Amino acid sequence: MIRRNDDIRRSIRESGLHQWMVAERLGISEATFTRWLRTEMSDGKKRMVIDAINELKKELEKQKQIQNA
């Protein structure tokens, strides 16, 4: 079975994030985000998702630094 948007799914998983977090950052429901993942996203939509993942990763790293300080 071909998993569409596998790069997005992998990035979310490796970042320690959850799909609901990315959906929330994008201002959409988790169900909508799940539907987006079912079919290959356009370049523009994919860029928007990757940007949201990167922003969330930065926030997560800042939180870890604060906790470790």
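This is a predicted model, so every value here is computed, not measured.
- Here NE2 of His18 is found 12.5 Å from CZ of Arg13. Values are rounded to the nearest 0.5 Å.
- Counting only heavy atoms from C-beta outward, the side chains of Arg25 and Ile53 never approach each other to under 4.5 Å.
- Side-chain contact between Lys46 and Ile8: present, with at least one pair of heavy atoms (C-beta onward) separated by less than 4.5 Å.
- One finds the NZ atom of Lys57 at 8.5 Å from the CD atom of Glu14 (value rounded to the nearest 0.5 Å).
- Interatomic distance, Ser15 OG to Lys58 NZ, rounded to the nearest 0.5 Å: 12.5 Å.
- Contact check for Val49 versus Met41: side-chain heavy atoms found under the 4.5 Å cut-off.
- Residue Leu60 holds its CG atom at 6.0 Å from CG of Leu17, rounded to the nearest 0.5 Å.
- Inter-residue side-chain proximity for Gln19 and Leu37 is flagged as met; some heavy-atom pair is nearer than 4.5 Å.
- Separation of atoms CD (Gln67) and NZ (Lys64) is listed at 9.0 Å; rounding is to 0.5 Å.
- At least one side-chain heavy atom of Phe33 sits under 4.5 Å from a side-chain heavy atom of Ile12.
- Within 6.0 Å of the CG atom in Asp43, the count of heavy atoms belonging to other residues, nucleotides or ligands does not exceed 12.
- The two residues Arg38 and Arg9 have their closest heavy-atom pair at N-NH2, 4.2 Å.
- The closest side-chain heavy-atom distance from Trp36 to Ile28 is below 4.5 Å.
- Residues Asp51 and Arg47 are paired through a salt bridge, judged by an N-O separation under 4.0 Å between the basic side chain and the carboxylate.
- With a 4.5 Å cut-off on side-chain heavy atoms, Arg35 and Thr32 count as touching.
- In this structure, Ala23 and Ser29 approach most closely via the heavy-atom pair CB-O, 3.7 Å.
- The structure places CG of Asp6 at 11.0 Å from OG of Ser11, a figure rounded to the nearest 0.5 Å.
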